[in-house]
Amino acid sequence: MNVKTSYSGSTAVAVVDGRVDSANAKDFDEELSAIIDRGVSSLVVDCGGLNYISSAGLRVLLIAIRKTNEAGGGLALCSVPDHIREVLEVSGFVRLTKVFATAEEATASF
Amino acid sequence: MDARLDLDIGLDRKGPRRAVESFEQFALENDLPMDLVFKFQLALDELLTNVVSYAFDDDASDAVISLGFRVTDASLEAVLVDNGRPFNPLRDAPVPDLDLSAEDRQVGGLGIHLTKAFIHALTYERVDGWNRLNLMQPLGTHQEDQT
């Protein structure tokens, strides 16, 4: 799992690739927390390169959704592969966060 | 076709990942569809993570966790057995309320919820001190008949 982040004021786009499971969910949590701790309230998680996420990774997303909501912004997802989208739908996460086709659309939604 | 794979899973946190990676290799060698491979990986990851995290004391020296696969023209089957505490995830795991807001949502039970949604047939039994979970997915024409 790798996270590459670009910042624009209080908005950031975090491009995640690889897999997020119980073995590295803690690392994923630290990556997203560090971004939010830099003053980011509106966070786009670009899932274009994400090929796997388990409930441990969903837990990390949930924490980031709460933190960004509390900061007055929010979290949006973009470029979600079909099989990851199915995980988001079955777990009800599509009701907790918006999913966009591109990072540009997601950024413009804030 | 009749191919098998048997794995012994360690009690460490990386055990589930190693197991699903071994399964992925086995699945590719046997031309299983990627969508099915992903769902089995997720289900096994969730079930194994539960076992590794909760079924044994940290200093358990006699812990045995094993995972067996069998793929035939008719089906893909996985059997997960462990000699840990009795736990039926299909009955005992908390049921997540998917209608709650992010602030009120609990993540507990989500892994089992995904597992139940993604696996065609899932059964649990406790036999002679062993937990035994069986996962089965029909393949080929059998799949179309039953879905």
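Proteins get letters first, then strands, A, B, ... in listed order; numbering begins at 1 in each. Below, all heavy atoms of this structure are taken into account, side chains as well, without hydrogens, waters or symmetry copies.
Not counting sequence neighbours, the partners of A/Ala64 by the side chain to side chain contact (heavy atoms under 4.5 Å, CB included) test are A/Leu32, A/Ile36, A/Leu75.
A single hydrophobic cluster is seen to contain both A/Val90 and A/Val94, as judged by linkage of ILVMFWY side chains at heavy-atom distances under 4.5 Å, directly or through other members. Hydrophobic clustering (ILVMFWY, side-chain heavy atoms < 4.5 Å, transitive): B/Val81 and B/Phe69 are in distinct clusters. Put simply, B/Leu122 and B/Phe23 are part of the same group of oily side chains (I, L, V, M, F, W, Y) that touch within less than 4.5 Å, one to the next. Note: the hydrophobic cluster containing A/Ile84 also contains A/Val99 (ILVMFWY, side chain heavy atoms under 4.5 Å, direct or indirect links). Residues A/Val20 and A/Leu62 are members of one and the same hydrophobic cluster, defined by side-chain heavy-atom contacts under 4.5 angstrom among Ile, Leu, Val, Met, Phe, Trp and Tyr.
For chain A, the nearby part of B/Leu100 is the backbone; its heavy atoms alone come within less than 4.5 Å. Using a 4.5 Å cut-off between heavy atoms, B/Val52 makes no contact with chain A at all. Interface remark: A/Ile63 contributes no atoms to any contact with chain B (heavy atom separation under 4.5 Å).
Taking every heavy atom of both residues into account, B/Ala102 and A/Ile65 meet most closely at CB-CG2, 3.6 Å.
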For chain B against chain A, give me the donor-acceptor pairs closer than 3.5 Å, one per line with atom names and distance.
from	atom 1	to	atom 2	distance (Å)
A/Asp21	OD1	B/Arg17	NH2	2.9
A/Asp21	OD2	B/Arg17	NE	2.9
A/Asp21	OD2	B/Arg17	NH2	3.4
A/Ser22	O	B/Arg13	NH1	3.3
A/Ser22	OG	B/Thr49	OG1	3.2
A/Ala23	O	B/Arg13	NH1	3.1
A/Tyr52	OH	B/Gln41	O	3.4
A/Tyr52	OH	B/Asp45	OD2	2.7
A/Ser55	N	B/Glu46	OE2	2.6
A/Ser55	OG	B/Glu46	OE1	2.7
A/Ser55	OG	B/Glu46	OE2	3.2
A/Arg66	NE	B/Ala102	O	2.7
A/Arg66	NH2	B/Ala102	O	3.2
A/Arg66	NH2	B/Arg105	O	2.5
A/Asn69	ND2	B/Glu103	OE2	3.4
A/Glu86	OE2	B/Lys39	NZ	3.0
A/Val90	O	B/His113	NE2	2.9
A/Ser91	O	B/Arg105	NH2	2.8
A/Arg95	NH1	B/Leu98	O	3.3
A/Arg95	NH1	B/Asp99	OD1	2.4

